[in-house]
Amino acid sequence: MPTTLLFELSDGIARITINRPDKLNALNATVISELSDAVTRIETDAAVRGVILTGAGSKAFVAGADITELAKQTPIEGKTRSLLGQQVFRRLERCGKPVVAAVNGFALGGGCELAMACHIRIAAEHARFGQPEVKLGIGPGYGGTARLPRLVGRGRALELLLTGAMIDAAEAYRIGLVNRVVPADQLLNETETLLRTILENGPLAIQACLEAVDAGMQTSLDQALLLEANHFGLLSATGDMQEGTQAFVEKRKAAFKGV
Ligand code: COA
């Protein structure tokens with residue numbers, strides 16, 4: 001049984017809650033290991049169709065990597081820690097199922113990086129974002145320098161990375177770091193509603209969109225377009241495509257089976 005996170009599966013949605021509220025859900029080695037196990041379950045359990053990721057308590061999503069562990073690391077341990085966290089976050093990002101971060105407070109350092117590895121971010125009004133690593137004399141280790149410029153552009157990313165400044169949810173929304181901002185008491189409901197809207201659609205089509213955007217953003221426009229065309233053709237072989245188009249013609253709701 002995990003000790004630093006909760007994994008609750010209900011009606012197709014896995015809710016993962018990083019659960020170290022007394023340490024503002026900081027990511028220590030145990031959290032990363034248990035998150036890795038949770039990602040394995042997401043990847044392999046067909047009952048999981050979508051994921052909500054959040055933090056325990058009302059103060060923090062995740063306030064970063066656990067600084068008490070960083071303080072003791074050797075260079076080799078630092079590199080290993082970075083690669084391991086990057087790998088877990090990358091697997092989450094590529095799990096083929098929609099992952100939505102419900103950012104319920106501080107999302108700093110590794111917390112901001114974890115939120116960015118999710119496909120969509122919904123923030124509570126009191127959420128705060130930042131990459132304060134430089135204030136500790138270290139740099140981001142879980143993808144901040146790679147994902148932040150891809151999300152908000154190079155100039156805005158560098159301002160956040162180089163100043164280590166914290167921004168509020170409204171500013172995070174303004175620069176495109178989060179998809180929307182909602183009152184704290186509506187955060188989980190709004191997140192689940194959005195995820196359920198996504199899950200009404202064909203799961204194979206959702207998976208193809210996730211894969212095409214992920215791969216397409218790392219390649220040329222021509223290769224991205226070719227991948228899209230290949231998916232478009234491949235999805236035409238699915239029962240879901242038959243069902244979806246037939247349901248439209250018959251003016252009924254589609255019942256997708258993911259085949
Ligand atoms: N690693 C380890 N412990 C952390 C932590 C982190 N990243 N962030 C918070 N904590 C711990 C604090 O040490 C404190 O523990 P204690 O009660 O045993 O002393 C507890 O969580 C509560 O945090 P505290 O600092 O007292 O809360 P605050 O409201 O005064 O400040 C923050 C909140 C987020 C501004 C502050 O905790 C902070 O700056 N955290 C570090 C953020 C950071 O640099 N992250 C990047 C790491 S690479």
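When a residue number appears, it is its place in the shown sequence, counting from 1. Small disclaimer: the values here were computed from a predicted structure and weren't measured.
Residues passing the salt bridge (charged side-chain N to carboxylate O under 4.0 Å, His left out) test with Arg147 are Glu93, sequence neighbours excluded. Not counting sequence neighbours, Phe61 has no partner by the ring pair (Phe, Tyr, Trp, His ring centres under 6.0 Å) test.
When all heavy atoms of Asn104 and His126 are compared, the pair lying nearest together is O-NE2, 2.9 Å. Scanning all heavy atoms of the two residues, the minimum distance from Gly109 to Glu133 falls at CA-OE2, 3.2 Å. Between Gln86 and Gly141 the shortest heavy-atom distance is NE2-O, 3.2 Å. Considering all non-hydrogen atoms of both residues, Gly144 and Pro149 come closest at O-CD, 3.7 Å. The shortest non-hydrogen separation linking Cys118 to Leu92 is SG-CD2, 4.3 Å. The two residues Phe256 and Asn201 make their nearest non-hydrogen contact at CD1-C, 3.6 Å.
With hydrogens and angles ignored, the 3.5 Å screen pairs no side-chain donor or acceptor of Thr219 with any backbone N or O of Ala215. Judged by distance alone, the side chain of Thr54 and the main-chain N or O of Ala102 form a donor-acceptor pair under 3.5 Å. With hydrogens and angles ignored, the 3.5 Å screen pairs a side-chain donor or acceptor of Thr197 with a backbone N or O of Thr193. Under the 3.5 Å distance criterion, the side-chain polar atoms of His119 are matched with a main-chain donor or acceptor of Val99. Between the side chain of Asp168 and the backbone N or O of Ala127 there is no donor-acceptor pair closer than 3.5 Å. With hydrogens and angles disregarded, a donor-acceptor distance shorter than 3.5 Å links the side chain of Glu69 to the backbone of Ala29. In this structure a side-chain-to-backbone donor-acceptor pair under 3.5 Å is missing from Lys23 to Asp66. Side chain of Glu113 to main chain of Tyr142: a donor-acceptor pair is present (N/O by atom type, distance under 3.5 Å, no hydrogens or angles). Using a distance-only test at 3.5 Å, with no hydrogens or angles considered, no donor-acceptor pair links the side chain of Asn19 to the main chain of Asn25.
To the nearest 0.5 angstrom, Ile32 atom CD1 is 7.5 Å from Leu114 atom CG. Glu77 contributes atom CD, which lies 11.0 Å from atom CG of Leu70 (distance to the nearest 0.5 angstrom). Between the CG atom in Leu6 and the OG1 atom in Thr17 there is a gap of 5.0 Å [rounded to 0.5 Å]. One finds the CZ atom of Arg49 at 7.5 Å from the CD1 atom of Ile13 (value rounded to the nearest 0.5 Å). The distance from the CD1 atom of Ile52 to the CG atom of Leu194 is 9.0 Å, given to the nearest 0.5 Å. Interatomic distance, CZ of Arg128 versus CE of Met166, reported as 8.5 Å (0.5 Å rounding).
Hydrophobic clustering of Ile, Leu, Val, Met, Phe, Trp and Tyr side chains at less than 4.5 Å, counting indirect connections, unites Val100 with Leu188. The hydrophobic cluster containing Val103 also contains Ile16, counting ILVMFWY residues as joined when their side-chain heavy atoms lie under 4.5 angstrom apart, directly or transitively. Leu235 and Ile198 fall into different hydrophobic clusters, where Ile, Leu, Val, Met, Phe, Trp and Tyr are joined by side-chain heavy atoms under 4.5 Å apart, directly or via other members. With hydrophobic clusters built from ILVMFWY side chains whose heavy atoms lie under 4.5 angstrom apart, Phe89 shares a cluster with Met116. Clustering ILVMFWY residues whenever any of their side-chain heavy atoms sit less than 4.5 angstrom apart, transitively, puts Phe106 in a cluster other than the one holding Phe129.
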Inset, instruction - Under the salt bridge (charged side-chain N to carboxylate O under 4.0 Å, His left out) rule, what do Arg90 and Asp214 come out as? Steps first, then yes or no, please. - result: CA-CA 11 Å; Arg90 188 74 180 118; Asp214 188 86; 2.8 Å; yes
Legend entry - salt bridge (charged side-chain N to carboxylate O under 4.0 Å, His left out) evaluation trace for Lys253 with Glu243: CA-CA 9 Å; Lys253 197 168 173 236; Glu243 167 63 12; over 6 Å; no
Distance-only donor-acceptor pairs under 3.5 Å for side chains of residues 33-43, two or more places apart:
from	atom 1	to	atom 2	distance (Å)
Glu34	OE1	Thr3	N	3.0
Glu34	OE1	Thr4	N	2.7
Glu34	OE1	Thr4	OG1	2.6
Glu34	OE2	Thr3	N	2.9
Glu34	OE2	Thr3	OG1	3.2
Ser36	OG	Arg91	NH1	3.1
Thr40	OG1	Ser36	O	3.1
Thr40	OG1	Arg91	NH2	2.7
Arg41	NE	Asp45	OD2	3.3
Glu43	OE1	Arg91	NH2	3.1
Glu43	OE2	Arg91	NE	3.2

Tell me which donor-acceptor pairs under 3.5 Å the side chains of residues 175-185 have, and how far apart each pair is, sequence neighbours excluded?
from	atom 1	to	atom 2	distance (Å)
Asn179	OD1	Arg121	N	3.0

Show me the donor-acceptor pairs within less than 3.5 Å that the side chains of residues 203-212 make with the rest of the protein, sequence neighbours left out.
from	atom 1	to	atom 2	distance (Å)
Glu211	OE2	His231	NE2	3.4

Exercise answer: donor-acceptor pairs, residues 150-164 side-chain atoms, under 3.5 Å, sequence neighbours excluded:
from	atom 1	to	atom 2	distance (Å)
Arg150	NH1	Ala146	O	2.9
Thr163	OG1	Glu159	O	2.7
Thr163	OG1	Ala165	N	3.0

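When only modelled atom types and interatomic distance are considered, Ser220 and Asp222 share no side-chain donor-acceptor pair under 3.5 Å. Gln242 and Thr238 share no side-chain donor-acceptor pair at under 3.5 Å.
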